[in-house]
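Computed from a predicted model, the values in this text were never measured in an experiment. For ligands, and for the atoms within them, numbers begin at 1 and follow the listed sequence. FYI, side chains are in, hydrogens and waters are out, and symmetry mates aren't considered; it's all heavy atoms of this structure.
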Amino acid sequence: MNNNLIITGARIITPIGRKARKGKEMDQLFDENGTIEITDGKITYVGPDRPVLPEGYKLIHAEGKVVLPGFVDSHTHLVFGGFRPDEFIWRINGDTYMSILQRGGGILSTVKSTRKESFGALQKKTEGFIDIMSQMGVTTVEGKSGYGLDRDTELKQLEVMQAINLDKNRKVDIATTFLGAHATPVEYKGREDEYIDFLISEMLPLIKERMLAENCDIFCEDGVFTVAQSRKLLQAAKEMGFGVKIHADEIVSFGGAELAGELKALSADHLLHASDAGIEAMAANNVVATLLPLTAFTLREPYARGREMIDKGCAVALATDLNPGSCCSGSIPLTFALACIYMHLTVNEAITAMTLNGAAAIDRADTIGSIEIGKYGDLVILDSDTPNVLPYYTGMNSVEKTIKRGRVVYER
Ligand code: NIG
Ligand code: FE
């Protein structure tokens, strides 16, 4: 089956551009009825319906349906061993995320399970998540390492993602991020600086040489890694050609957003406690503010100031943060609902945040994230004539078909 597809009669809704849309631009979408043509996996026509169609294309009639760019979930930790349901219940009963981590649980508990897990079992579990994501319209996901915190297990996580990317029938592309600085492994307890040096001198060059990750990330947080340690790692990563990202201001206000501005990072993520100066630094330096409302929801924390960030000129992206601890959910529908209900994004802004701005947060805005000639034919068809169902079907799926590079990979 070739990757040639024509969709006619669709209500085509998309942001336009090859970089993140900031501030007021986020609300402005192309919204017209017509045809999309995909040839060999790439978009070759977007415009009014035509009387005569070329031959050799699969045809989908999409009258009365909204067609959007495929969703880009630009922040997840989707490769991990085990689950942590008991911690979730402890937290509901008043324990805190950081105190569980400090007692050797949390991320460190998943590190133990991931070190033990076989490559095959990890790959199977990851593919299971990818199937679920694809059903909710995701065509590209970012995936982080960070549950090995040693040479071999970090490589194992990245190699699982690489193996999935090599499957030519894959439903979702994975943008890979090295998060060796997710926590300090027990072997380095009290020697955080030495651990950062190990990541810089041994891990980054190895990962670069094997082309296992595009980006580098760090958990910059009180009690995890300091701003100075984060600056050191990310500067080194940037010099080696990695895109840089930061888990910033998730638990307390810590200067992560400011650092992201200083480093001109691709994105700063979480930002529940980002300061005013941090918001200004992101807007001024084109850092995508990646908001993860499912994490705030599950941690029972206040949501990030999404409305204010957009009003102050930031480019905001939305992602799920799927992981076994702070947020064991990859729900795209619930992310839309929380973003619109509690962070006060308009539906148009939320669409931009889940498509083009997500693509920019993984440095892929030139090839995905919008429905434009030359980009990959990654699309979502909704079972409705209005995009308002995205937040309105609260936590329920409105996706009828997902299309990956011109192939229908999910059909309701
Ligand atoms: O994005 N905060 C750090 N990392 C993840 C959680 C990882 C975990 O709890 O396993 C996050 O929230
Ligand atoms: Fe995360």
With atoms numbered from 1 as shown, which atoms in ligand 1 lie under 4.0 angstrom from a non-hydrogen atom of Asp321?
-> 1 (O), 11 (C), 12 (O)
Of all heavy-atom pairs linking Thr14 and Ile371, the shortest is OG1-N, 2.9 Å
Using 30° and 60° as the class limits, which term best fits the ring planes of Phe198 and Tyr188: parallel, tilted or perpendicular?
-> parallel
Look at atom 2 (N) of ligand 1 and say which protein heavy atom is nearest, naming residue and atom and giving the distance to 0.1 Å.
-> Glu250 OE1, 2.7 Å
Assess whether salt bridge (charged side-chain N to carboxylate O under 4.0 Å, His left out) is satisfied between Asp27 and Lys24, documenting all intermediate values.
-> CA-CA 6 Å; Asp27 200 43; Lys24 286 191 173 57; over 6 Å; no
Just checking, any donor-acceptor pair under 3.5 angstrom between side chains of Ser267 and Lys245?
-> yes
Arg84 neighbourhood, listing ligand 1 atoms whose heavy-atom distance to it stays under 4.0 Å | 8 (C), 9 (O), 10 (O)
Enumerated ligand 1 atoms positioned under 4.0 Å from heavy atoms of Tyr147 = 7 (C), 8 (C), 10 (O)
Looking at Phe254 versus Phe225, is the centre-to-centre ring distance below 6.0 Å?
-> no
Heavy-atom gap Ile107 to ligand 1 smaller than 4.0 Å | yes
Of Tyr97, Phe80, Phe219, the one whose closest heavy atom lies nearest atom 6 (C) of ligand 1 is Tyr97
Geometric class of the His182/His77 ring pair [parallel <30°, tilted 30-60°, perpendicular >60°] | parallel
Is Arg11 paired with Asp31 through a side-chain N to carboxylate O contact shorter than 4.0 Å?
-> yes
Which bit of Glu221 is near ligand 1, meaning a heavy atom under 4.0 Å away: side chain, backbone, both or neither?
-> neither
Which pair of non-hydrogen atoms, one from Ser370 and one from Ile43, has the smallest distance, and what is that distance?
-> O-CD1, 4.2 Å
What about Phe83 and Phe88, are their ring centers closer than 6.0 Å?
-> no
How far is atom 4 (N) of ligand 1 from its nearest protein heavy atom, and which residue and atom name does that atom have?
-> His182 NE2, 2.8 Å
Short N/O distance, under 3.5 Å, between Thr295 and ligand 1?
-> no
Of the protein N/O/S atoms, how many lie under 2.8 Å from the Fe ion (ligand 2) = 4
Please identify which atoms of ligand 1 are closer than 4.0 Å to at least one heavy atom of His75.
-> 1 (O)
Taking NZ, NE, NH1 and NH2 as the nitrogens, is one of them in Arg115 or Glu187 under 4.0 Å from a carboxylate oxygen of the other?
-> yes
Protein heavy-atom partner closest to atom 12 (O) of ligand 1 - residue, atom, separation in Å = Ser326 OG, 2.6 Å
Thr290 and Leu271 have their tightest heavy-atom pair at N-CD1, 4.1 Å
Shortest non-hydrogen contact between Pro205 and Ser201, atoms and distance = CG-O, 3.3 Å
Which residue holds the protein heavy atom closest to atom 1 (O) of ligand 1, what is that atom called, and what is the gap in Å?
-> His270 NE2, 2.8 Å
